[in-house]
Structures are given as structure tokens and as C-alpha cells.
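Take a look at the structure below.
A note on names: the letters A, B, ... follow the listed sequences, proteins ahead of strands, and every chain is numbered from 1.
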Amino acid sequence: MDILNILKEGVAAAVRELYGEEIGSDKITLTTTRKEFEGDYTVVTFAFTRIAKKKPDDIAQEMGEYLVANVEEISAFNVIKGFLNLSISETFWKNFLADIADDETFGRQPANGQKVMVEYCSPNTNKPLHLGHIRNILLGWSMSKIYDALGYEVVKVQIVNDRGIAICKSMLAWQKFGEGETPESTGIKPDHFVGKWYVGFETKFKAEYAAWQLSKAGQELLAEKKNEKQSAEAFWKKYKNTYFNDYSILGNEARDMLLKWEAKDEGVRNLWMMMNSWVYKGFEGTFEALGVSFDKLYYESDTYLLGKDIIEQGEKDGIFFRKEDGSVWIDLEERKLDKKLVLRSDGTSVYMTQDIGTAKMRADDYAPDKVIYVVGNEQEYHFKVLFEILKDLKEPYADGLHHLSYGMVNLPDGKMKSREGTVVDADDLIAEVVKEALAQGLDRGELEELSKEEQTEIATFTGLASLKFFILKVKAEKTMVFDPKESVDMQGQTGPYVQYAYVRIKSVLRKNETAAQANMSDYTGLSAVEKHLVQQVYTYPTILESAAKNYDPAEIAMYCYNLAKSFHKFFYDHSILKAESEAAKAFRLQLSKAVANTLKSGLDMLGIDMPERM
RNA sequence: GGUCUCUUAGCUCAGCUGGAUAGAGCAGCUCACUUCUAAUGAGCAGGUCGCAGGUUCGAGUCCUGCAGGGAUCACCA
């Protein structure tokens, strides 16, 4: 049984025996003991003063005596200012260590028959992935790993936004100005190639718009529509969309292309398929570099018309209402979510319609018990509404839906803006961290005897570790600041710091020549660092569960960092191979193995690989 | 304006169901490599936890109000 439960039961029994009252375990406050005090776990006794009608110190004293006498795992106690600090017996820790030291699956749970679907990444196909996608991808991948470790069957999906005006812009610009060049002919990574033409469209459009502003029609419109407080510049900025829709020649051509696409015009469809295939090829490269994959891709071009039948049925059931103009709405004002459109007056779908349809489609395809949507927090309102609608529709899967909402990634000097060219490109960033890792690795001299390939492999491990850890250590919901300089750091609270602990252990194990282990149970008098280290390893399964429950990989990242930190301290303070006794050596070797397994597993939950040396 | 969210050291972040003197890393200043990998360890310095009330034996944590930042409130996706 779990030590925390043993302790809680012991405390409950103590209260029953000493004060004659039954208490629930929720009334017991149990924490790990602060490191400046003696002990492993601490019971806060203030809560019992009413029951016992005694002072906290006296309660703690009585309770400590009772617990040492009656609970086998508790070896000693001390009382400080009403806090009862309990020491767990060395035997308990050593037994635990003996059980798990060689178990590489420690922390994982057997299959539980439940299925969870994780939707993440979900890019647009008109330009390459950027830093924001990286945060999304890392979170999604990590959640998949965590749920997999807890025994769930995991289905990783993404919805590819492969249609719409944006991709038409890239298509049009390439068609008009591309002169037949291709990713192959230019040597540009294919998704970047398509992105280049998207930017190309915007540039041409901007020029057209600027010229139009100076034209007679433009000046007349300005004089007519601009209000007095507004500057001309501000007016034109705001007017851009209207111009695009009502006046722009390029805009008209792009919209025309979209209409042709919807009418399944063969020429447009072929062009569309070609450009999208380029983008997918490019994305594939980025996914591979990040070490992530998907089980199933849903394409918006297949799903964008879904959901209408559900809306119609819902209207009959009185969940939605129709306005005079024919548009269909849901009223969520009582739930503080306002009224929301679900079908346009011309009978076509909106985003919400499509998401309702897609949710049902995926439920039909996979019947997941749980669905995690990894999507930025700017869509919180959308998902709240979506989930409410699905509940109202009494969809059986509606209760298992969760929006893993994450905050924006900002740069030290502000937001990323594509217009200002401050968007951090995913591929550039990955290349940069690996390059930096290689430079730092070579600088240390540890890799000199290795081949070029091995050096690159290690630099890939450490560089990506640095980047991934930097992003995942921040709680998902928080807006974070991404400093490119810090993201390649390899000292302190970083991925490589954790990897380094593992590498040190591996190095020791390589040098250990004695195959047969002395009996570590003969080792007594564990140091505080040693005990703390076992205790931390012991917590790992709990951390995994908590991270899953809270949808928060950062808990695992911080855990790994703290475990590595304790190990580094232990490593500095104690000699493993030249320990005082064979028993001590055996214990420390087992402890090191347990730490190595746990760190490897923990980083694996974050999608970070472990090098054997670095 | 409505709704949601955030505000902790110079910077980036932890702080679980309320518990002991609020913790890490980076940056700054010291110190420790003839030792199992110094991508490490030890130390110094750095805080009125945005502000004001309230609940409690006890509040960074819960409640209310205020200030400041962000998001969202499209017949866009």
C-alpha cells in the first residue's frame, strides 16, 4: 500500500484510540517534511485541537508515540511547534528500492481498457509551422505519452485546415507570379516554399491597396467614410478587409478561386492538391525533427460541411431556434455564454457547425472515452460553447471532452507578429538549438573521440532537450516569454541538466566491474540526501497521475529537474564505486539505477530522449 | 461595456487539498576539478507575493472590491 495511505490510516487510528473520534482522511494534512527538519513526512496537528481539547504540541507528542508503537513503517518522530515529523524506516525505503531499481517500467500502469483521443497541432496549410505550433505539439505529444503510460489507449489526431481563402492566396500568387518554380527547382523546404507565396500574395495585395488608396475612388471613399477623430492611416488599416472583399482585384481572384474550389473545379483542385502535398511533405520533416507523429489526420476539406443534420435534428428537439432570416442559434445566456450562431441564414455551416459534426464523426470512428483538444486559449469561449451544445444534444461522449488550453508564446520584446516578421519559425529554431548544442558539446571536449555522426546525434538530443524542456516547464495555461538565447541554455533548470544526471549514472555503471551485488539491506544509516532521493523516486507514479489529471506536463518537468538536482548533490557528496562498504556500494548502485530509470521515463513523458553520454 | 484569465526576486518561472523562516534557475559576486563526466556542487546578495478589505488558530493560496496586462464577445476559421 502507498505510504501516504498507511500514514493517514495510522493517524486516523491514533485519533480514534486517543480521543475517541472517527475522522475522514480528508481532515488529515500530510506533507513532506521541509528539509531543514528531521523526518520524511509531517502531520499538521492544529486541526485536531478541537477534538482533543489539547495543545498542538501535546497532541503531536501523544500521536507520535502512538504511531511509532503501532505503525511498522514509522521508525521515529519529533515535534516542532505543533508539527509532527515522522521518519519512515530505512527498511521500508530499501525494500522499495529493491523492488523497482531494475524496473524500467516503474510508474507505468497496465492497460485499463479506456481510450483517449488527443487532438493537437492542427495547422493551416498556407505557411510553415512556428513557435506557437511547437508549444502546441509538445503539449499534445506529452499528454499522449502520459496517458499511454497510465494504461490508456491513445489516438493522436490532428485536423488539417487545408481549405479556405488563405491557401487560395498562396495558390493564386504562385499561379500568377511563380513562373513554374517548385520546391525541387529552388531547393526550398516545401512548406516554406508555399509560405513564401502566401507572403508574396500579401505583398502584392498591399501594393495594390496602397495604389488604390491614392486613386480617385479611394480618396472619395476616404472623404466619405472616415470619421473625424480617425487618422487616414487608422482608417485604411480598419478598412482592409472590406477592401479585400469589395474592391480588390487580387482579392476577387482569390475569392473566385475559393468558389471554384468549392465547385470542385478540376484545375483549381489539382493546383490545390499539388500545393498541399508540398506543405505536408514539409510538415512531415518538422514532425520528424521534433520526434512526434499522428495516428489519424482529419482534413477540413472533408469535414467542413458536417454537422448540418445534427443542427436540424437539434432544432426539432427545441435545443436551437431559428430567426426570421433563417439563421439558427442557440441561447446560452443563462449560462453566461450569450447567443451563438450555429447555421447561417443561407443554410451553410460555420466553424461551430463543423466542430459539432467533427466531434460526432470522431466519436463514431473511435468511440473514445476522453477527448483532449490541445488548442490555444484564444478559443476558450468557442470550446465552452461547443461542449455545452454537445451536452444539450445529449451526445454520449460529451462529458469526456476537455480543452487543454495554453497561453500564447511571446518574445522578450513583445508578441510575435507575422506582419513585422518577428515570427519564430519552427525549423529555424530546431536547427539553431542543435547547432548551439553541438558547439557547446564540442567545447567541453567530452565528445572528441566520437564520430561525427555520434556527435550530431548527441547534439540533437541535448539541443532538443533544451528547447522542449524550456517550453514544457511552464504551465500550459500561462502566457510565456520565449527568449531564444535562454532556450539554448544548457546549465541550470534545463533539459540537458536532467540528461546530465542520467549520463553520469550511465558512466558509473559502465565503470562498475563487480557483477554480483552485495546485499544492500546490510547498509544502514542512510544519509539525508540518500533518503530524500529514494523518497523522490517513490513519488514518481503519483506525479504521473497528477500530471494527467491536471493536463499539465510542467509537473513532470519540474519533478525531473528536482530529482536530477538531488542526484547531482548526492553524486557530489557520496562516492558510489568507492563507497565505505560493499553494502553501501550496492545500495548506491541500486539507487542510481532507480534514478536513471525514473529520469529516463520522466523525460520520455516530455518527448525528450536520453543520450548515453554527452 | 460583458465574460474569462494573469500579476511572486533585475529576468524566466515553481509554490498541490489554506500550515513551519515564500523557493528554483538565469544574470551579479565568492569558492571547489591529481576524484565515479565541473553541462556539477557549496555560498553571498536579491521579496511589503499588484493594492485594499474580509474569512481563519493560521492566507502567496479562499471570498469581495480596485488597479494594471492579455484573450474573447463575427452569418472568419
**Request:** Could you tell me whether a side-chain N or O of A:R588 sits under 3.5 Å from a main-chain N or O of A:S575, the two making a donor and an acceptor?
**Result:** yes
**Message:** Are A:F570 and A:H532 an aromatic pair, judged by ring center distance below 6.0 Å?
**Reply:** no
**Request:** Mark up nucleotides 54-63 of chain B, 5' to 3', with B wherever a protein heavy atom is under 4.0 angstrom from a base atom, S wherever such an atom reaches only the sugar-phosphate, and - elsewhere.
**Result:** ---B------
**Asked** Is A:Y304 touching bases, backbone alone, or none of the nucleic acid, heavy atoms closer than 4.0 Å?
**Response** nothing
**Request:** Kindly point out which of B:C13, B:A77, B:C36 is positioned nearest to the side chain of A:V481?
**Result:** B:C13
**Message:** Strictly below 4.0 Å: does A:R504 bring a side-chain N or O up to OP1 or OP2 of B:A38?
**Reply:** yes
**Asked** Are the ring of A:F83 and the six-membered base ring of B:G19 within the stacking cut-offs of under 5.5 Å and under 30°?
**Response** no
**Message:** Considering every strand and a 4.0 Å limit on heavy-atom distances, what is the contact class for A:Y351: base, sugar-phosphate, or nothing?
**Reply:** base
**Asked** Is it the case that A:Q536 and A:N562 place a side-chain donor and acceptor less than 3.5 Å from each other?
**Response** no
**Message:** Categorize A:V503 for me: base, sugar-phosphate, or nothing, with a 4.0 angstrom heavy-atom threshold over every strand shown.
**Reply:** base
**Item:** P atoms of B:C62 and B:C16, separation to the nearest Å
**Value:** 9 Å
**Asked** How close or far is atom C1' of B:C73 from atom NZ of A:K340, stated in whole angstroms?
**Response** 8 Å
Please output the side-chain donor-acceptor pairs of residues 403-412 of chain A that fall under 3.5 Å, not counting sequence neighbours, one pair per line with the distance.
residue : atom : partner : partner atom : Å
A:H403  : NE2  : A:V375  : O            : 2.8
A:S405  : OG   : A:E380  : OE2          : 2.6
A:Y406  : OH   : A:N136  : ND2          : 3.1

**Request:** Round to a whole Å and report the spacing from NE2 of A:H568 to P of B:G41.
**Result:** 6 Å
**Prompt:** Roughly how many Å is it from CG in A:D483 to P in B:C13, rounded to a whole number?
**Reply:** 10 Å
**Request:** Take the protein atom CG of A:N126 and the nucleotide atom P of B:C76, then report the distance between them rounded to whole Å.
**Result:** 19 Å
**Prompt:** With rounding to whole Å, what would you report as the distance between B:A52 and B:A59 at their P atoms?
**Reply:** 15 Å
**Message:** Is there a side-chain contact between A:Q158 and A:L297 in this structure, where contact means two heavy atoms from C-beta onward sitting under 4.5 Å apart?
**Reply:** yes
**Request:** Please work out whether the ring planes of A:Y497 and A:Y561 are parallel, tilted or perpendicular, with thresholds of 30° and 60°.
**Result:** tilted
**Message:** So A:W272 and A:S301, do their side chains get closer than 4.5 Å, heavy atoms only?
**Reply:** yes
**Prompt:** Which part of the nucleic acid, if any, lies within reach of A:D443 when heavy atoms closer than 4.0 Å are counted: base, sugar-phosphate only, or nothing?
**Reply:** nothing
**Asked** Mapping A:E477 and A:N85 to their closest nucleotides on RNA chain B, which lands nearer the 5' end?
**Response** A:E477
Please tabulate the protein-to-nucleotide N/O contacts below 3.5 Å involving nucleotides 23-30 of chain B, giving atom names and distances.
residue : atom : partner : partner atom : Å
B:G23   : OP1  : A:R34   : NH2          : 2.7
B:A24   : O2'  : A:Q493  : NE2          : 3.3
B:A24   : O2'  : A:Y561  : OH           : 2.9
B:G25   : OP1  : A:K565  : NZ           : 3.4
B:G25   : O2'  : A:Q493  : N            : 3.1

**Message:** By the 4.0 Å heavy-atom rule, please label A:V44 as base, sugar-phosphate, or nothing.
**Reply:** base
**Request:** Using a 4.0 Å heavy-atom cut-off across all strands, classify A:E555 as base, sugar-phosphate, or nothing.
**Result:** nothing
**Asked** Side-chain contact, heavy-atom cut-off 4.5 Å: A:M614 with A:Y502?
**Response** no
**Request:** Rounded to whole angstrom, note down the P distance from B:A24 over to B:A71.
**Result:** 34 Å
**Item:** Nearest-angstrom distance from the residue atom NZ of A:K27 to P of B:G19
**Value:** 16 Å
**Asked** Just to confirm, is there a sub-4.0 Å distance from OP1 or OP2 of B:C76 to any side-chain nitrogen or oxygen of A:R344?
**Response** yes
**Prompt:** Closest approach of A:Y198 and A:S170, non-hydrogen atoms and distance?
**Reply:** CB-OG, 3.1 Å
**Message:** Can you say whether a donor on the side chain of A:D573 sits under 3.5 Å from an acceptor on the base of B:A42, or the other way round?
**Reply:** no
Polar atom pairs between nucleotides 68-71 of chain B and protein, under 3.5 Å, N or O only, would you list them?
residue : atom : partner : partner atom : Å
B:G70   : O3'  : A:K415  : NZ           : 3.3
B:A71   : OP1  : A:K415  : NZ           : 2.1

**Prompt:** What distance, rounded to whole Å, do you find between the two P atoms, one in B:A42 and one in B:U3?
**Reply:** 49 Å
**RNA chain B base-pair string [pairs: Watson-Crick or G-U under 3.5 Å; |: paired with another strand]** = (((((((..((((.....[...)))).(((((.......))))).....(((((..]....))))))))))))....
**Request:** In whole angstrom, give me the gap between the P atoms of B:G23 and B:G65.
**Result:** 32 Å
**Message:** What contact category does A:Y497 fall into here, base, sugar-phosphate, or nothing, at under 4.0 angstrom with non-hydrogen atoms?
**Reply:** sugar-phosphate
**Request:** Check the side chains of A:T494 and A:D489 for a donor-acceptor pair under 3.5 angstrom, ignoring hydrogens and angles.
**Result:** no
**Asked** Of the candidate nucleotides B:A77, B:U72, B:U40, which contains the atom at the shortest distance from the side chain of A:Y500?
**Response** B:U40
**Prompt:** Distance under 6.0 Å and angle within 45° of the ring axis: does A:R504 meet both against A:F567?
**Reply:** no
**Side chain of A:F571 - closest among B:A77, B:U17, B:C36** = B:C36
**Message:** Are the side chains of A:Y351 and A:Q379 in contact, using a 4.5 Å heavy-atom criterion?
**Reply:** yes
**Request:** Rounded to the nearest angstrom, tell me the gap between atom CG in A:L450 and atom C1' in B:U37.
**Result:** 13 Å
**Asked** When rounded to the nearest Å, what value does the distance between C1' atoms of B:G60 and B:U7 take?
**Response** 12 Å
**Request:** Measure up the A:F244 and A:F205 rings against each other and bin them: parallel (under 30°), tilted (30 to 60°), perpendicular (over 60°).
**Result:** perpendicular
**Whole-angstrom distance between B:G47 and B:A14, as gauged at atom C1'** = 15 Å
**Request:** Could you give the distance separating B:U8 and B:U48 at their C1' atoms, to the nearest angstrom?
**Result:** 12 Å
**Message:** Are the side chains of A:R322 and A:W329 in contact, using a 4.5 Å heavy-atom criterion?
**Reply:** no
**Request:** Using only heavy-atom distances, determine whether the side chains of A:T42 and A:T33 contain a donor-acceptor pair under 3.5 Å.
**Result:** yes
**Request:** Look at the side chain of A:K478 and decide which nucleotide, out of B:U37, B:U8, B:A20, has an atom nearest to it.
**Result:** B:U8
**Prompt:** Is there a donor-acceptor pair under 3.5 Å between the side chain of A:H133 and the backbone N or O of A:H130?
**Reply:** yes
**Request:** Specify the closest pair of heavy atoms between A:K27 and A:A47, including all atoms of both residues, with the distance to one decimal.
**Result:** O-CB, 4.2 Å
**Prompt:** Counting side-chain heavy atoms from C-beta on, which of B:A20, B:A77, B:G19 comes nearest to A:K81?
**Reply:** B:A20
**Request:** Could you check A:T33 against A:D552 and say which one's nearest nucleotide on RNA chain B is further toward the 5' end?
**Result:** A:D552
**Message:** Listing request: all ring pair (Phe, Tyr, Trp, His ring centres under 6.0 Å) pairs with a residue in residues 33-54 of chain A, at least two apart in sequence or in separate chains.
**Reply:** A:F46-A:F83
**Fill in**
To the nearest angstrom, the CZ-C1' distance between A:F567 and B:U37 comes to 11 Å
**Request:** Report the distance from atom CE of A:M480 to atom C1' of B:C11, rounded to the nearest whole Å.
**Result:** 13 Å
**Asked** Base, sugar-phosphate, or nothing: which does A:G376 touch, judged by heavy atoms less than 4.0 Å apart?
**Response** nothing
